[in-house]
There are 2 protein chains.
Amino acid sequence: MQINPEDNQARLEHFQKALKKSGVKMTVQRMEVFRELAGTGSHPDAETLFKGVRQKIPMISLDTVYRTLWLFIDLGLVSAVGQSKERARFDANTLQHHHFVCRQCGRMQDFYSDSLNRLALPDSIEQIGTVEKTQVEVLGLCADCLSKTDNP
Amino acid sequence: MQINPEDNQARLEHFQKALKKSGVKMTVQRMEVFRELAGTGSHPDAETLFKGVRQKIPMISLDTVYRTLWLFIDLGLVSAVGQSKERARFDANTLQHHHFVCRQCGRMQDFYSDSLNRLALPDSIEQIGTVEKTQVEVLGLCADCLSKTDNP
DNA sequence: GTCAATGCAAACTCTTTGCAATCTG
DNA sequence: CAGATTGCAAAGAGTTTGCATTGAC
C-alpha cells in the first residue's frame with residue numbers, strides 16, 4: 001500500500017507538531033526517518049529504513065535510526081509490528097486459536113472462539129493474496145499485571 | 001493455559017508417530033523438548049524451554065533446543081509465534097488496521113475493515129485481562145509470490 | 001551557550017554453524 | 001554399523017550503549 005502524497009504531507013505536519021509538543025528537537029535525521037517510514041505502506045525493518053534514508057543523508061548511522069524509531073514509538077507516532085522486540089516464541093498448540101498478549105509482561109495466552117475462526121474478511125483481501133490462516137491478536141493488560149498496578 | 005495430562009499424552013503419541021513417519025530419529029532431547037513445549041500453554045522462547053528441559057537432561061545444549069524446534073516446525077508439529085524469525089518491523093500507520101502477511105516473502109500489507117475493527121471477542125477474554133486493541137493477522141501467499149510459483 | 005542528538009566503535013543478546021564425539025535404528 | 005544427532009565453542013545477525021563531537025533551540 002502506497003500512501004498518497006497529501007496524507008503524507010499532513011502526517012509530516014502532525015509529526016513536527018508532536019515533536020515540538022514533547023520538547024524533542026527536530027533534526028534532519030528524525031525528519032527523514034519519519035518521512036521514509038510514513039511514505040511506505042510496507043513495514044520495513046530498521047536496516048531497510050536505514051538504506052532508504054541514506055539516499056538523502058549519507059552520513060546517517062544505523063544506531064540513530066534505531067534510536068529514532070524507539071523515540072517515535074515512545075511518542076506514539078510509530079508502532080512496532082507484532083512482538084517485534086522479542087525473541088522467537090514457540091507454540092505446540094496446533095489447534096486453531098487466537099492470542100491474548102499482555103503489553104506489560106509480554107505473556108501470551110491462547111483463547112478459542114468458533115466465530116473468530118471463521119471471520120469474514122473484506123473482499124479487498126483477494127487482491128492482496130490467498131488466505132491460508134486467520135488469527136486474532138488481542139493486546140491488553142493481563143489479570144496479573146492489572147492486579148499489580150491497579151490495586152492500592 | 002495449562003494443557004491437561006490426557007491431551008498431552010495423546011500429543012506425545014502423535015509426536016512419536018510423526019517422527020517415525022518422517023524418518024527422523026527419536027532422541028531423549030527431542031522427546032523432552034516436545035514434552036516441555038506441549039505441556040505449557042504459554043509460548044516460551046528457546047531459552048525458557050532450554051531451562052525447563054535442563055531439569056531432566058542437564059547436559060542438553062541450547063543449540064540443540066533451537067535445532068529441535070526448527071525441526072518440529074518443519075514437521076508441522078510446532079509453530080513459531082508471529083513473524084518470529086524476523087527482525088523488528090515498524091509502522092507509521094496509526095489508523096486501526098489489520099495485516100496480511102505473506103508466508104513466503106514475508107511482505108506485510110495493511111488492510112482496513114470496519115467490521116474487523118469491532119470484533120466480538122468471547123467472554124472468556126475477561127478472565128485473561130483487559131482488551132486495549134484487537135488486530136487481525138491474515139497469513140497466506142501474496143499475489144506476487146502466487147504468480148511466481150503457480151503460473152507455468 | 002547549553003544540552004540534546006549524532007556518529008563511531010565496541011558490546012551485547014539471540015541464534016546459527018562447523019566439527020568431532022555419541023547415540024539411534 | 002552407518003549415518004543422523006548431539007555438545008561444544010566460535011561465528012553471525014540484529015540491536016544497544018558509552019563517549020566525544022556536532023548541532024538545534
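Each chain gets a letter, A, B and so on, in the order its sequence line appears, and its residues count up from 1. We use all heavy atoms of the structure for the numbers below, so side chains are in, but hydrogens, waters and symmetry mates are not.
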Integer-rounded Å distance: C:dA21 C1' and B:Ile60 CD1: 17 Å
May I have the distance from A:Leu71 (atom CG) to D:dT17 (atom P), rounded to whole angstrom? 14 Å
Please determine if a side-chain N or O atom of A:Ser61 lies less than 4.0 Å away from the OP1 or OP2 oxygen of C:dG7. yes
Collect all protein-nucleotide pairs involving nucleotides 21-25 of chain D in which both atoms are nitrogen or oxygen and the distance is under 3.5 Å.
{"from": "D:dG23", "atom 1": "N2", "to": "A:Lys25", "atom 2": "NZ", "distance (Å)": "3.2"}
{"from": "D:dA24", "atom 1": "O3'", "to": "A:Met26", "atom 2": "O", "distance (Å)": "3.2"}
{"from": "D:dC25", "atom 1": "OP1", "to": "A:Met26", "atom 2": "N", "distance (Å)": "3.2"}

Between P on D:dG7 and CZ on B:Phe50, what's the gap in Å once rounded to a whole number? 9 Å
Reckon A:Leu62 touches a base, only the sugar-phosphate, or nothing at all at heavy-atom distances under 4.0 Å? base
Rounded to whole Å, how long is the line connecting atom CD1 of B:Ile57 with atom P of D:dG7? 8 Å
If I take atom CE in residue A:Met31 and atom P in nucleotide C:dA5, what distance separates them, rounded to the nearest angstrom? 17 Å
Contacts satisfying side-chain hydrogen bond (donor to acceptor under 3.5 Å, both in side chains) that involve residues 44-54 of chain A (not counting sequence neighbours) are A:Asp45-A:Thr48, A:Asp45-B:Arg87
Calculate the interatomic distance between A:Asp45 atom CG and D:dA13 atom P; express it in whole Å. 14 Å
Which nucleotide in the set C:dG7, D:dG7, C:dA5 lies at the smallest distance from any side-chain heavy atom of B:Arg67? D:dG7
Name the orientation class of the two ring planes belonging to B:Tyr112 and B:His97 (parallel below 30°, tilted from 30 to 60°, perpendicular beyond 60°). tilted
Flag, side chain of A:Arg107 to backbone of A:Cys102, donor-acceptor distance under 3.5 Å: no
Classify the ring geometry between A:Phe15 and A:Phe34 as parallel (under 30°), tilted (30 to 60°) or perpendicular (over 60°). parallel
Protein-nucleotide distance (B:Lys20, atom NZ; C:dT24, atom P), rounded to Å: 14 Å
When rounded to the nearest 0.5 Å, the distance separating CD of B:Gln96 from OG1 of B:Thr94 is 11.5 Å
Heavy-atom side-chain contact between B:Asp110 and B:His99 under 4.5 Å: yes
Examine C:dC23: is either OP1 or OP2 under 4.0 Å from a nitrogen or oxygen in the side chain of B:Gln29? Give yes or no. no
Rounded to the nearest angstrom, tell me the gap between atom CG in B:Asp63 and atom C1' in C:dA20. 14 Å
Atom pairs and distances, side-chain donor-acceptor, residues 120-129 of chain A, under 3.5 Å, sequence neighbours left out:
none

